[in-house]
Amino acid sequence: MIKIWNNLTSREQLLIIICGVFVFMFLLFIALIKPISDRKIDSLRAMEEEKNRYDKVLELSALSTTSSQEAGSAGADTTSIREAATTTSRKVGIAISRIQPASDGSVSFWIDNSRTTEIMNWLILLNDEHAQQAQKVSLQKNNGEETLRGQFEFKGNKQ
């Protein structure tokens with residue numbers, strides 16, 4: 001290898017060195033700089049999407065609070081919370097995966113793989129049509145999906 005290098009003219013050696021530097025800079029850009037900048041752009045885009053989702057949840061929450069005050073003045077519905085939850089879930093396209101009544105009359109519902117808007121529409125519909133408001137809500141985002149899973153606890157009538 002040294003023999004080949006020594007047989008080259010100084011002009012050829014300079015051109016090979018310059019080409020080597022350009023190849024090194026290109027590989028550095030492809031292997032390090034571009035992935036870092038792409039990751040930053042993707043993170044900023046994901047953060048903006050989450051901010052939009054958060055604003056939508058706040059908007060729906062405010063709408064729910066407003067409608068709950070209107071429903072409170074309209075009077076209570078005599079339908080049990082279990083019937084009300086299942087009928088309204090069918091209307092908005094949510095599948096309730098589990099229902100668990102408690103000894104104090106409260107009822108917990110579990111929902112898997114539903115979008116934020118579907119869950120909020122379900123809660124609003126429960127409030128508007130049956131004057132039922134969730135006492136406890138626990139939501140989690142499903143990994144790698146744009147859906148949520150959650151647990152909702154409502155005060156129910158003792159039966």
Side-chain angles (χ1 to χ4, degrees), residues 1-71 81-82 84-102 106-130 132-154:
M1 192 71 149
I2 294 175
K3 214 182 228 188
I4 295 172
W5 181 258
N6 288 335
N7 288 336
L8 297 175
T9 65
S10 61
R11 183 177 175 189
E12 291 171 336
Q13 289 176 348
L14 181 64
L15 285 174
I16 290 174
I17 291 172
I18 291 173
C19 285
V21 168
F22 281 123
V23 168
F24 175 75
M25 289 175 25
F26 175 74
L27 291 176
L28 180 70
F29 176 77
I30 294 296
L32 271 176
I33 298 170
K34 183 150 176 43
I36 291 172
S37 66
D38 288 349
R39 190 170 297 137
K40 180 181 177 185
I41 291 170
D42 291 343
S43 296
L44 290 173
R45 187 178 308 125
M47 184 178 71
E48 190 63 35
E49 288 174 4
E50 291 299 324
K51 281 182 183 178
N52 291 338
R53 267 196 210 112
Y54 179 72
D55 291 341
K56 183 68 174 178
V57 167
L58 287 179
E59 179 184 316
L60 291 172
S61 174
L63 179 63
S64 174
T65 304
T66 304
S67 63
S68 70
Q69 292 170 351
E70 293 170 1
I81 183 61
R82 293 173 76 173
T86 54
T87 56
T88 54
S89 70
R90 284 188 212 117
K91 287 181 184 178
V92 296
I94 288 178
I96 296 175
S97 60
R98 185 172 141 198
I99 301 173
Q100 181 177 355
S106 64
V107 181
S108 294
F109 298 93
W110 280 262
I111 294 175
D112 296 323
N113 297 324
S114 293
R115 294 190 326 245
T116 306
T117 54
E118 292 172 341
I119 291 174
M120 290 305 293
N121 288 337
W122 178 65
L123 291 170
I124 291 168
L125 198 59
L126 269 172
N127 188 35
D128 290 346
E129 292 184 0
H130 304 285
Q132 294 286 346
Q133 297 175 0
Q135 300 301 312
K136 293 180 186 175
V137 175
S138 173
L139 291 173
Q140 290 181 331
K141 184 177 178 181
N142 290 324
N143 289 336
E145 298 179 20
E146 296 296 320
T147 59
L148 300 173
R149 66 176 174 259
Q151 177 183 355
F152 306 87
E153 185 177 313
F154 293 86

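No hydrogens, no waters, no symmetry mates; every other heavy atom, side chains included, goes into these values.
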* **Side-chain heavy atoms of T88 within contact of H130, under 4.5 Å** => yes

* Checking side-chain contact (heavy atoms from CB on, under 4.5 Å) for the pair R149/W110: CA distance, chi angles, key distance, verdict? -> CA-CA 7 Å; R149 66 176 174 259; W110 280 262; over 6 Å; no

* side-chain contact (heavy atoms from CB on, under 4.5 Å) between K91 and E129: does it pass, once the steps are laid out? -> CA-CA 12 Å; K91 287 181 184 178; E129 292 184 0; 2.9 Å; yes

* Is the side chain of N7 donor-acceptor paired with the backbone N or O of K3 at a distance under 3.5 Å, no angle test? -> yes

* Structure fact -> The residue among T147, T116, L148 that forms side-chain contact (heavy atoms from CB on, under 4.5 Å) with K141 is L148

* Asked: So how far is it from I119 CD1 to I124 CD1, rounded to the nearest 0.5 Å?
  -> 12.0 Å

* Contact check, side chains of W122 and I96, non-hydrogen atoms, under 4.5 Å -> yes

* Asked: How far does CD of E145 sit from CG of D112, to the nearest 0.5 angstrom?
  -> 10.0 Å

* To do: Supply the atom-to-atom distance I111 CD1 to Q151 CD, rounded to the nearest 0.5 angstrom.
  => 11.0 Å

* **Residue pair R82 / V107: nearest heavy atoms and the distance that separates them** => CG-CG1, 4.0 Å

* To do: State, to 0.1 Å, how close A134 and L123 come at their nearest heavy-atom pair, and which atoms those are.
  => CB-CD2, 4.3 Å

* Asked: What distance do F29 atom CZ and S37 atom OG have between them, rounded to the nearest 0.5 Å?
  -> 6.5 Å

* To do: With rounding to the nearest 0.5 Å, note down the distance linking CD1 in I81 to OG1 in T86.
  => 9.5 Å

* Can you check side-chain contact (heavy atoms from CB on, under 4.5 Å) on L44 and M47, steps first, answer last? -> CA-CA 5 Å; L44 290 173; M47 184 178 71; 4.2 Å; yes

* To do: In sequence, state the C-alpha distance, the side-chain angles, and the governing distance for D42 and R39, and then conclude on salt bridge (charged side-chain N to carboxylate O under 4.0 Å, His left out).
  => CA-CA 5 Å; D42 291 343; R39 190 170 297 137; over 6 Å; no

* Asked: Ignoring hydrogens and geometry, is there a side-chain-to-backbone donor-acceptor pair from Q13 to W5 under 3.5 Å?
  -> yes

* Go through the structure and list residues passing side chain to side chain contact (heavy atoms under 4.5 Å, CB included) with L28, not counting sequence neighbours. => L32

* Structure fact -> Rounding to 0.5 Å, atoms CD (E153) and CD (Q100) come to a distance of 9.5 Å

* To do: Decide yes or no on side-chain contact (heavy atoms from CB on, under 4.5 Å) for F152 and L139, but give the supporting numbers first.
  => CA-CA 9 Å; F152 306 87; L139 291 173; 3.7 Å; yes

